[in-house]
Amino acid sequence: MRELKFRLYDSKNEIMVPVHSMEWDKISDQLNYVRGYNLKDSDYWGTAVYGGSPKKLTGESIRYLIMQYTGLKDKNGKEIFEGDIVKISEHPFDSSTFGVNGNYEIWYNEYMELCCGNWLLFRMKHYAEVIGNKYENPHLLKVKA
């Protein structure tokens, strides 16, 4: 069974924050509040959104972006979360005509399958290494000309 874990991106301070607790609205079955902790602001309760972009967040009402643990670890044993950027290297099918090696963002597709780019993450995890996340390290996803 997959362990249910989350982490937060604090869009105000532009850092990842560990989750301490979450509060759900029992009537709407939606996330009401999330409690994160960081050294800059100590304890903070705030509304959070699942997915989205920090550029769309404004004010204090929505401050945290939630990322869920995929239940998978990279080739070095590091936990892989949504929004992470993984570097695929030494893939046996990489070639000049069929390039696999590179940096990919972790996300769910419309079938709720975990993907890194167009590849299924569970098949690529043996060649994947977490090198950052799309919020703190967006430059890692830029294509080199």
Side-chain angles (χ1 to χ4, degrees), residues 1-24 30-145:
M1 189 164 106
R2 185 170 82 169
E3 186 177 0
L4 192 59
K5 287 184 186 178
F6 296 91
R7 71 175 182 197
L8 304 168
Y9 177 70
D10 178 343
S11 65
K12 178 183 175 188
N13 293 309
E14 299 181 339
I15 57 172
M16 286 295 166
V17 178
V19 173
H20 283 265
S21 59
M22 300 170 94
E23 180 182 305
W24 292 86
Q30 292 183 358
L31 183 64
N32 238 3
Y33 291 99
V34 65
R35 186 178 189 180
Y37 179 78
N38 66 57
L39 296 175
K40 291 185 179 182
D41 289 343
S42 65
D43 252 347
Y44 179 83
W45 277 91
T47 306
V49 293
Y50 185 75
S53 165
K55 292 178 183 167
K56 295 180 182 175
L57 301 181
T58 57
E60 289 293 319
S61 61
I62 298 177
R63 174 173 169 180
Y64 292 127
L65 294 171
I66 301 172
M67 287 154 277
Q68 187 172 349
Y69 173 48
T70 64
L72 300 173
K73 295 182 179 180
D74 72 2
K75 65 183 181 181
N76 299 319
K78 186 171 182 177
E79 294 176 337
I80 303 173
F81 283 80
E82 292 176 276
D84 275 346
I85 299 170
V86 295
K87 178 181 181 180
I88 305 295
S89 59
E90 301 176 13
H91 193 279
F93 297 114
D94 192 65
S95 69
S96 59
T97 58
F98 189 68
V100 176
N101 292 341
N103 296 351
Y104 299 93
E105 177 187 340
I106 304 302
W107 55 283
Y108 282 98
N109 68 14
E110 64 271 16
Y111 306 108
M112 292 306 291
E113 297 170 319
L114 278 163
C115 297
C116 52
N118 293 323
W119 310 103
L120 293 175
L121 179 59
F122 76 93
R123 292 187 180 174
M124 303 302 280
K125 68 181 181 178
H126 305 291
Y127 311 102
E129 176 183 10
V130 175
I131 58 171
N133 64 71
K134 69 179 185 176
Y135 302 109
E136 294 177 307
N137 315 100
H139 62 280
L140 294 174
L141 288 173
K142 293 203 168 74
V143 178
K144 296 176 183 173

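Below, each value reflects all heavy atoms present in this structure, side chains not excepted, and no hydrogens, waters or symmetry copies.
- Heavy atoms of other residues, nucleotides or ligands lying less than 6.0 angstrom from CG of Asn118 number 12 at most.
- Checking side-chain atoms of Asn103 against main-chain N and O of Leu140 turns up a donor-acceptor pair under 3.5 Å.
- Counting all heavy atoms, side chain and backbone alike, Asn101 lies closest to Glu90 at OD1-N, 3.4 Å.
- Not counting sequence neighbours, the partners of Asn133 by the side chain to side chain donor-acceptor pair (under 3.5 Å) test are Glu136.
- Only one option out of Asp74, Val100, Leu114, Val86 pairs with Met124 in a side chain to side chain contact (heavy atoms under 4.5 Å, CB included); it is Val100.
- The two atoms that bring Ile80 and Tyr69 nearest to each other are O-CD1, 3.3 Å, heavy atoms only.
- Across all non-hydrogen atoms, the minimal contact from Gly132 to Asn137 is CA-OD1, 3.3 Å.
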Applying side-chain contact (heavy atoms from CB on, under 4.5 Å) to Glu82 and Trp107, what does each step give before you reach the verdict? CA-CA 5 Å; Glu82 292 176 276; Trp107 55 283; over 6 Å; no
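- In this view, Lys125 and Leu72 satisfy the side chain to side chain contact (heavy atoms under 4.5 Å, CB included) rule, not counting sequence neighbours.
- Although no hydrogens or angles enter the test, the distance criterion places no donor-acceptor pair under 3.5 Å between the side chain of Tyr127 and the main chain of Arg123.
- Side chain of Asp84 to main chain of Ile131: no donor-acceptor pair is present (N/O by atom type, distance under 3.5 Å, no hydrogens or angles).
- Heavy atoms of other residues, nucleotides or ligands lying less than 6.0 angstrom from NZ of Lys87 number 12 at most.
- The two residues Arg7 and Gly83 make their nearest non-hydrogen contact at NH2-C, 4.4 Å.
- Atoms SG and CD1, on Cys115 and Ile106 in that order, are 8.5 Å from each other to the nearest 0.5 Å.
- Met67 contributes atom CE, which lies 8.5 Å from atom OH of Tyr9 (distance to the nearest 0.5 angstrom).
- Glu105 and Lys134 are joined by a salt bridge, as a carboxylate oxygen and a charged side-chain nitrogen come within less than 4.0 angstrom of each other.
- Contact between Val130 and Glu79 at its shortest, heavy atoms only, is CG2-O, 4.0 Å.
- Here the shortest heavy-atom pairing between Met16 and Tyr135 reads CE-CD1, 4.1 Å.
- How far CD1 of Ile85 is from CD of Glu129: 12.5 Å, rounded to the nearest 0.5 Å.
- For the residue pair Thr70 / Lys5, no side-chain donor-acceptor distance below 3.5 Å is found, with atom types taken as modelled.
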